[in-house]
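Structure first, then comments.
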Amino acid sequence: KHFRYAILGIKEEGEQNRWTTRSNDSLSPNSFAFQEFEVFLTQPDTIQNRGYLSYRNRRDYYPGDNQLVYATLGQDLNLGANLLKNPASQLRVMLTYRELSIKDSTVSENKPENSLLGRIEYGLQLAKGAITASTFYEVGSGLESEKEFSYLEVAPGQGVYQWIDYNQNGLKELDEFEVAQFQDEARYIRIFFPSSNFLTVYSNQFNQTINLNPARIWKTRDGFYKGISLFSNQFAYRINRKNTNNDILKNLNPFFSDLDDPDLVTISTSVRNNLSFNKTGRIFGIDYIFQQNLNRTFLANGFDTRTIQSHGLRARVTINDQTSIINQFDNGERSFASEFLSSRDYEIDFISNKLSTQFQFSQAFRLVADYGYKNQLNRLDIQQSEEHNIGTELRYSKLNKGILTFRVNYVHLSYNDDPASPVGYEMLQGLLPGHNGTWNLLFQRTITGGIEVNLEYAGRVSEKQSVIHTGGLSVRANF
């Protein structure tokens, strides 16, 4: 029903799927049915500042005693508002309460649940876009099961992890799987499955970005304002946290990230700030980049915690229309700690520098030559590595013909401990001490009808090891 400033409506939806086996005419386990009813009050889209209210009732039916049995009842209450009239300041607010009742526990594996979810989204633009910001804030509550994981073998190249039998006992143990550095070794995927233990958790998710670009208003000014207009800054902060404490103030605080909190279940945070000078300048530019990531996950056998923090300085110089130089310097630390797999723990300090020179001989042909150096030290033990990496890349592209890219690298590694260990694999990135070589040839082409064809050949060799060759062909259709 449409009124002048409101719309009152009712929606109903249902579905019934019955599958039977021919042999005994019994109901198949994949049969199901549901009935959903919703009543809502909202406002027309022509009203830019508008609100809405709705109630939804859903009943699900699952197989039991050779018939579809009333299994669960879900009830949702939604309340929200969108304030969009001012394009420079827009706000969206939403609140949802959900109640799940189990009517027959013999046919449903779900648990009774009462959950609350609140969300705020805000976008801001000031000074003709010189200052822009976006905010996403969400809090909620609900049930979550403790998770266990295992590794499943898949076709070579289709996985993410590789198995390295560190102790030579022939058994695939959880602390012997690494993220594969080369695609041909990626033969396993990690699968999570819930345990029978459920926790009441309170979640908090917060994303904040702030961009400063003084050139929007001061680019044509002189003196001090002209100098300030050469700078720009991009800041991003993200946190996703779950805990079991019902302290309201703690749960509402988006900046609480104490790893020693006994009520913590999972936490993931990311901070990144990029301060640029002369970012759009043709001849010269420099960036200072700070980033800090933290991830802690609670599994059935304890916490896994992974962190990384780094400071980076990137400078670019354009010598002429054909030649440019880029230098990237990074200094930081990364760590991993596991309560169950303590043999994998490390705290690595690293320093690295990569100098690249690019020659653009023509629109079709480009050559890149680079040299990289990296030094790493594990503070938890004695491991130390040093890397020298010399590489070159050739790229040839022709319209309607495709893109051909060839890259070759010589890598010399020094390491003072056993490379056949989790820490050794992490520091050497799948290569071995001494002389190493890697090369890759890739041809890409888009043909008629949006079909993309990728043909790839890769190879690598380490000191006193056999050469490994791999190849692959992939075809993708874009509709």
Side-chain angles (χ1 to χ4, degrees), residues 144-195 238 240 266-270 291 293-308 310 334-346 348 350 374 376 385 387 407 409 411 413 419-432 436 438-442 444 452 454-460 462 465 468-476:
E144 183 168 307
S145 65
E146 296 179 352
K147 291 182 176 62
E148 299 177 353
F149 69 91
S150 183
Y151 292 92
L152 178 67
E153 187 170 3
V154 295
Q158 300 300 309
V160 178
Y161 299 87
Q162 74 170 111
W163 172 50
I164 304 175
D165 192 6
Y166 289 125
N167 55 16
Q168 301 294 315
N169 65 355
L171 301 177
K172 296 182 176 67
E173 301 174 67
L174 290 179
D175 60 348
E176 295 181 333
F177 289 86
E178 308 286 353
V179 176
Q181 298 298 320
F182 304 101
Q183 193 62 38
D184 62 287
E185 296 177 334
R187 302 187 176 202
Y188 296 85
I189 60 174
R190 178 186 285 183
I191 55 174
F192 289 89
F193 48 93
S195 70
R238 178 184 60 83
N240 191 345
T266 62
I267 185 172
S268 175
T269 68
S270 173
Q291 58 182 0
N293 297 330
L294 180 151
N295 186 280
R296 192 178 204 197
T297 305
F298 180 65
L299 304 172
N301 43 19
F303 281 105
D304 281 357
T305 306
R306 191 181 300 272
T307 68
I308 183 170
S310 67
R334 66 183 188 273
S335 69
F336 177 78
S338 174
E339 292 184 346
F340 178 61
L341 307 173
S342 58
S343 63
R344 305 179 61 85
D345 293 359
Y346 59 78
I348 298 175
F350 64 88
K374 180 187 288 187
Q376 302 179 95
S385 70
E387 174 185 324
R407 182 169 186 86
N409 284 78
V411 185
L413 292 166
S421 65
V423 176
Y425 189 88
E426 170 67 25
M427 297 180 74
L428 300 178
Q429 297 294 286
L431 297 176
L432 294 175
N436 299 266
T438 64
W439 54 94
N440 180 276
L441 180 65
L442 174 64
Q444 301 170 289
E452 294 182 5
N454 292 338
L455 181 62
E456 182 177 14
Y457 159 71
R460 67 183 184 276
S462 296
Q465 301 292 318
I468 298 176
H469 302 276
T470 61
L473 172 66
S474 66
V475 179
R476 177 185 298 174

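Remark: Ile348 CD1 to Ser335 OG distance equals 9.0 Å, nearest 0.5 Å. Going from atom CG of Leu413 over to atom CD of Gln429 covers 9.5 Å, rounded to the nearest 0.5 Å. Rounded to the nearest 0.5 angstrom, Glu176 CD and Gln162 CD are separated by 11.5 Å. Taken from CG in Asn454 to CD in Gln444, the straight-line distance is 5.0 Å, to the nearest 0.5 Å. We find the OG1-CZ distance between Thr307 and Phe336 to be 10.5 Å, quoted to the nearest 0.5 Å.
Under the side-chain contact (heavy atoms from CB on, under 4.5 Å) criterion, Gln291 pairs with Arg272, Ser310, not counting sequence neighbours. Applying the side chain to side chain donor-acceptor pair (under 3.5 Å) rule to Ser150 yields no partners; only residues at least two apart in sequence or on another chain are considered. Partners of Ser462 under the side-chain contact (heavy atoms from CB on, under 4.5 Å) rule, at least two apart in sequence or in another chain, are Leu431, Leu432, Asn436, Gln465. Not counting sequence neighbours, the partners of Tyr151 by the ring pair (Phe, Tyr, Trp, His ring centres under 6.0 Å) test are Phe149, Tyr161, Phe177. Considering only residues two or more places apart in sequence or on other chains, Tyr346 meets the side chain to side chain donor-acceptor pair (under 3.5 Å) condition with Arg306. Among residues two or more places apart in sequence or in another chain, the side chain to side chain donor-acceptor pair (under 3.5 Å) test is passed with Thr305 by Arg296. Among residues two or more places apart in sequence or in another chain, the side-chain contact (heavy atoms from CB on, under 4.5 Å) test is passed with Thr470 by Asp184, Ala458, Ile468. Take Glu185 and apply the salt bridge (Lys or Arg N to Asp or Glu O under 4.0 Å) test, not counting sequence neighbours, and it matches Arg460. Legend: residues meeting side chain to side chain donor-acceptor pair (under 3.5 Å) with Asp345, ordered by chain and number and at least two apart, are absent.
Shown here for Glu178 and Pro422, the closest heavy-atom pair between the two residues is OE2-CA, 3.4 Å. Here the shortest heavy-atom pairing between Ser338 and Asp304 reads OG-OD1, 2.9 Å. Nearest heavy-atom pair across Gln181 and Tyr425 is N-OH, 3.2 Å. Closest approach of Ser270 and Asn293 over heavy atoms only: OG-OD1, 3.0 Å.
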Steps toward side-chain hydrogen bond (donor to acceptor under 3.5 Å, both in side chains) verdict (Asn409, Arg407): CA-CA 7 Å; Asn409 284 78; Arg407 182 169 186 86; 3.1 Å; yes
Full working for side-chain contact (heavy atoms from CB on, under 4.5 Å) between Trp163 and Arg187: CA-CA 8 Å; Trp163 172 50; Arg187 302 187 176 202; over 6 Å; no
side-chain contact (heavy atoms from CB on, under 4.5 Å) assessment of Ile267 paired with Thr269: CA-CA 7 Å; Ile267 185 172; Thr269 68; 3.9 Å; yes
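Sorted by first and then second residue, the salt bridge (charged side-chain N to carboxylate O under 4.0 Å, His left out) pairs involving residues 421-430 (not counting sequence neighbours) are Arg334-Glu426. For the salt bridge (charged side-chain N to carboxylate O under 4.0 Å, His left out) condition, no pair includes a residue of residues 162-173, sequence neighbours left out.
Around the CZ atom of Arg344, the shell of radius 6.0 Å holds more than 12 heavy atoms that belong to other residues, nucleotides or ligands.
A side-chain N or O of Asn295 and one of Thr297 form a donor-acceptor pair less than 3.5 Å apart.
Residues Ser474 and Glu452 fail the side-chain proximity criterion, which asks for heavy atoms closer than 4.5 Å.
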